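First the structure, in the form of structure tokens, and then the observations on it.
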Amino acid sequence: MIALIDCNNFFVSCERVFEPWLNGKPVVVLSNNDGCIISRSQEAKDLGIKMGEPLFKAKPLIECEGVRVFSSNFMLYGDMSRRVMQILKTFGEVEVYSIDEAFVNLDHVPTADLEKKAISIRETIWQYLNLPVCVGIAPTKTLAKVANHLAKKNAAYNGIALLDTPEKQAATRRHLAVENIWGIGRRYAVKLHQHQVYTAADLVDRSAAWVYRHLGGVVGVRLRQELLGNPCQELDLTEDPSRKNIACTRSFSRYITTLDELQEAVATYTTRAAEKLRLQRSAAKAITVFIRTNKFSVHAPQYHRATTIALPMASADTGELIRYALQGLRQIFQNGYAYKKAGVILSEFTPESQLQTNLFDTTDRDKSKKLMMALDKLNAKMGKNEWAENVISYAAGGTDKNWKMTLSQKSDRYSTHWKEILKVKI
DNA sequence: TCTGGGGTCCTAGGACCC
DNA sequence: TCTGGGGTCCTAGGACCC
């Protein structure tokens, strides 16, 4: 049996831990640059505020109803997430699926004790962290997702749902709309509806061959099996799963028109991506740079271009990566546009330990490695400033960065920074 | 005026090999 | 007129997830 634990309204719940008087009140958390609404309390959902809605559209409602608004505070959410995962590890093997979700292997728990276990998971996280979660238990990942969905939608379930018998699974399938199934997005939902497939029961009634043809090949077939209770997706229990791509992309708080400023941004993003790269002990052999104008402004001239540079040999050296990134940027930069976003994506990784050297390579790799280690160590020790930027950084990233994203209503990083720790007045 | 950021997997088709 | 069979690797594009 597999449990899926999902934190309710995670970002909002994290903010409420430190401002408990916001419980019962409408609260939302914004995306980077205070752009869109990406987390809503139940009260905010009830007001009709939609997921992903741009802030400016929801503003009249927010002001009228006195909704509390937070900028995103990913240092806080990331730390709270780590704490949740640590607690879960005491209940069984854990696959961290996203910042607010995890699968837990409950194979060692006797069937009769599953419900008790689910209650215990829920109560422990509440007791230690004051975060509300829902627990769904089933024999496959897909059904565990379904169970979690049930737990979330039905107040009577008290945050827990078990799909442990074929009878319960079949009954659930009959009422489960295809668009609510994990792995079926908007496109497939439309397609399925066109074929009179509306519920999970309709879907599993179609043959595997039919599903293969209409639902993305083997992915669909696996999904169908999982809905029937036959596991096709193992838990991924890899500690610290290494990424295959590492990206750092951001919108600017204002339009940028000059190459100089774009260079600062690209150098800054490359620095961040390179840190993540070294953290997972990889080196990258390719770097992609893109720049674009504001895709939402209908009248302004649009420009969007990307280029990928193949490095002569894989590298994790910030300085070297910045040089290639800027080279790419100069290739794609066009004068006369108002740029709104840029990004850097590292790819084609090799483990840092088995770097293939190049006959014509003149760089002192040993020196570079020592320098990066010293840099990372210092920055880890000194901590980041309020913009999550390092104390020691490359000058190419600029010093002023007045294009950087807006976070006008950010809460403190209560759990990771001494200066911002919660103060209690008695 | 104002619209996020970071990932994954799979398939089809082309180029190439023997 | 008749034109094999089996592979690999790469890329672009599509779909999905949170």
Side-chain angles (χ1 to χ4, degrees), chain A residues 4-11 28-39 50-60 62-63 69-74 77-78 81 95-103 141-142 145 148-149 178-192 212-223 232-233 236 238 241-255 269 272-273 276-277 280 286 288 290 292-300 306 308 310 338 340-349 388 404-408:
Chain A
L4 176 69
I5 291 85
D6 191 319
C7 301
N8 304 352
N9 318 326
F10 183 55
F11 300 162
V28 297
V29 173
L30 305 176
S31 63
N32 278 341
N33 231 0
D34 292 347
C36 297
I37 289 155
I38 54 168
S39 182
K50 289 188 213 64
M51 179 65 176
E53 197 174 10
L55 173 62
F56 73 89
K57 284 189 185 166
K59 206 140 201 180
I62 283 173
E63 280 170 1
V69 177
F70 286 94
S71 298
S72 54
N73 184 351
F74 282 101
Y77 313 147
S81 173
E95 172 183 339
V96 177
Y97 179 68
S98 76
I99 193 165
D100 72 334
E101 267 178 78
F103 292 100
K141 280 185 171 182
T142 305
K145 275 286 224 184
N148 191 284
H149 180 77
V178 282
E179 56 267 33
N180 291 329
I181 299 171
W182 185 44
I184 296 181
R186 195 177 290 163
R187 302 292 182 100
Y188 282 147
V190 170
K191 214 166 143 188
L192 289 170
Y212 186 96
R213 222 172 321 129
H214 294 95
L215 211 64
V218 295
V219 183
V221 177
R222 282 203 284 255
L223 176 67
C232 296
Q233 295 180 257
D236 181 1
T238 338
S242 286
R243 304 273 166 228
K244 295 176 177 170
N245 298 291
I246 290 174
C248 183
T249 70
R250 294 272 181 285
S251 303
F252 312 128
S253 55
R254 60 172 176 82
Y255 289 112
Y269 303 164
R272 179 72 197 113
K276 291 198 230 169
L277 183 69
Q280 69 169 46
T288 303
F290 75 82
R292 72 165 312 143
T293 50
N294 185 353
K295 63 178 171 180
F296 295 105
S297 66
V298 212
H299 304 299
T308 301
K340 185 63 179 170
K341 185 174 181 176
V344 171
I345 302 154
L346 303 177
S347 57
E348 291 179 37
F349 299 162
K404 70 190 166 192
M405 65 183 172
T406 312
L407 295 173
S408 63

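Values in this document were obtained by computation on a predicted structure and should not be read as measured data. Every chain is numbered from 1, with letters handed out A, B, ... down the list of sequences.
Within 4.0 Å (heavy atoms only), A:Glu53 reaches no atom of the nucleic acid at all. When heavy atoms are screened at a 4.0 angstrom cut-off, A:Asn33 is found touching no nucleic acid atom at all. At the heavy-atom level, A:Leu30 lies nowhere under 4.0 Å from the strands shown. Within the 4.0 angstrom heavy-atom criterion, only backbone atoms of the sugar-phosphate kind lie near A:Lys244; the bases stay farther away. Residue-level contact check: A:Arg254 touches neither bases nor backbone, having no heavy atom under 4.0 Å from any strand. Contact annotation for A:Lys59: no contact, since no heavy-atom pair falls under 4.0 Å across all strands. A:Phe74 comes within 4.0 angstrom of nothing in the nucleic acid, heavy atoms only. Within 4.0 Å of A:Ile246, counting heavy atoms only, lie sugar-phosphate atoms of the nucleic acid but no base atom. At a threshold of 4.0 angstrom between heavy atoms, the contacts of A:Asn294 are confined to the sugar-phosphate backbone, with no base atom among them.
Of the residues near DNA chain B, A:Tyr212 and A:Arg250, the one whose nearest nucleotide (by heavy atom distance) lies more toward the 5' end is A:Arg250. When each of A:Pro54 and A:Cys248 is assigned the nucleotide of DNA chain B bearing its nearest heavy atom, the one mapping closer to the 5' terminus is A:Pro54.
Here the side chain of A:Asp100 pairs no donor or acceptor atom with the backbone of A:Phe10 at under 3.5 angstrom. Remark: side-chain polar atoms of A:Glu53 are not paired, donor with acceptor, to backbone N or O of A:Ile37 under 3.5 angstrom. In this structure a side-chain-to-backbone donor-acceptor pair under 3.5 Å is present from A:Ser31 to A:Cys36. Under the 3.5 Å distance criterion, the side-chain polar atoms of A:Ser71 are matched with a main-chain donor or acceptor of A:Ser408.
Minimum heavy-atom separation, A:Ile184 to A:Ala189: CG2-N, 3.8 Å.
You'll find that the side chain of A:Glu101 is closest to C:dC18, out of B:dG5, C:dA15, C:dC18.
Atom NZ of A:Lys340 is separated from atom C1' of B:dG5 by 15 Å (rounded to the nearest Å). For A:Lys191 and C:dG14, the NZ to P distance is 12 Å, given to the nearest whole Å. If you measure from atom CG of A:Leu223 to atom C1' of C:dA15, you get 13 Å, rounded to the nearest angstrom. Between A:Leu4 atom CG and C:dC18 atom C1' the separation is 12 Å, expressed in whole Å. Atom CZ in A:Phe296 sits about 4 Å away from atom C1' in B:dT3, given to the nearest Å. Spacing between atom CZ of A:Arg292 and atom P of B:dG5 amounts to 12 Å, rounded to whole angstrom units. Straight-line distance from the CZ atom of A:Phe252 to the C1' atom of B:dC2: 17 Å, rounded to whole Å. As rounded to whole Å, 19 Å separates atom P of B:dT1 from atom CG of A:Asp34.
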What does the B/S/- profile of nucleotides 6-11 of chain C look like, 5' to 3', with a 4.0 Å heavy-atom cutoff to protein? ------
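More than 12 heavy atoms of other shown residues, nucleotides or ligands fall within 6.0 angstrom of atom NZ in A:Lys276. Summarising the local packing, CZ of A:Arg254 is surrounded by more than 12 heavy atoms from other residues, nucleotides or ligands at distances under 6.0 Å.
Between A:Tyr212 and A:Val218, some side-chain heavy-atom pair lies under the 4.5 Å cut-off.
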For DNA chain B, please output the secondary structure as dot-bracket, reading 5' to 3'. Pairs are Watson-Crick or G-U wobble, both atom distances under 3.5 Å; mark crossing pairs with [ ], other-strand partners with |, unpaired with a dot. ....||||||||||||||
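Taking side-chain N and O atoms only, A:Lys145 has a distance below 4.0 Å to OP1 or OP2 of C:dC18.
A:Ser251 and A:Asn33 share no donor-acceptor pair across their side chains, judged by distance under 3.5 Å alone.
A cation-pi arrangement is not found for A:Lys404 relative to A:Phe252, the charged atom failing to lie both closer than 6.0 Å to the ring centre and inside a 45° cone about the ring normal.
Aromatic ring orientation, A:Tyr97 versus A:Phe103: perpendicular (interplanar angle above 60°, classes split at 30° and 60°).
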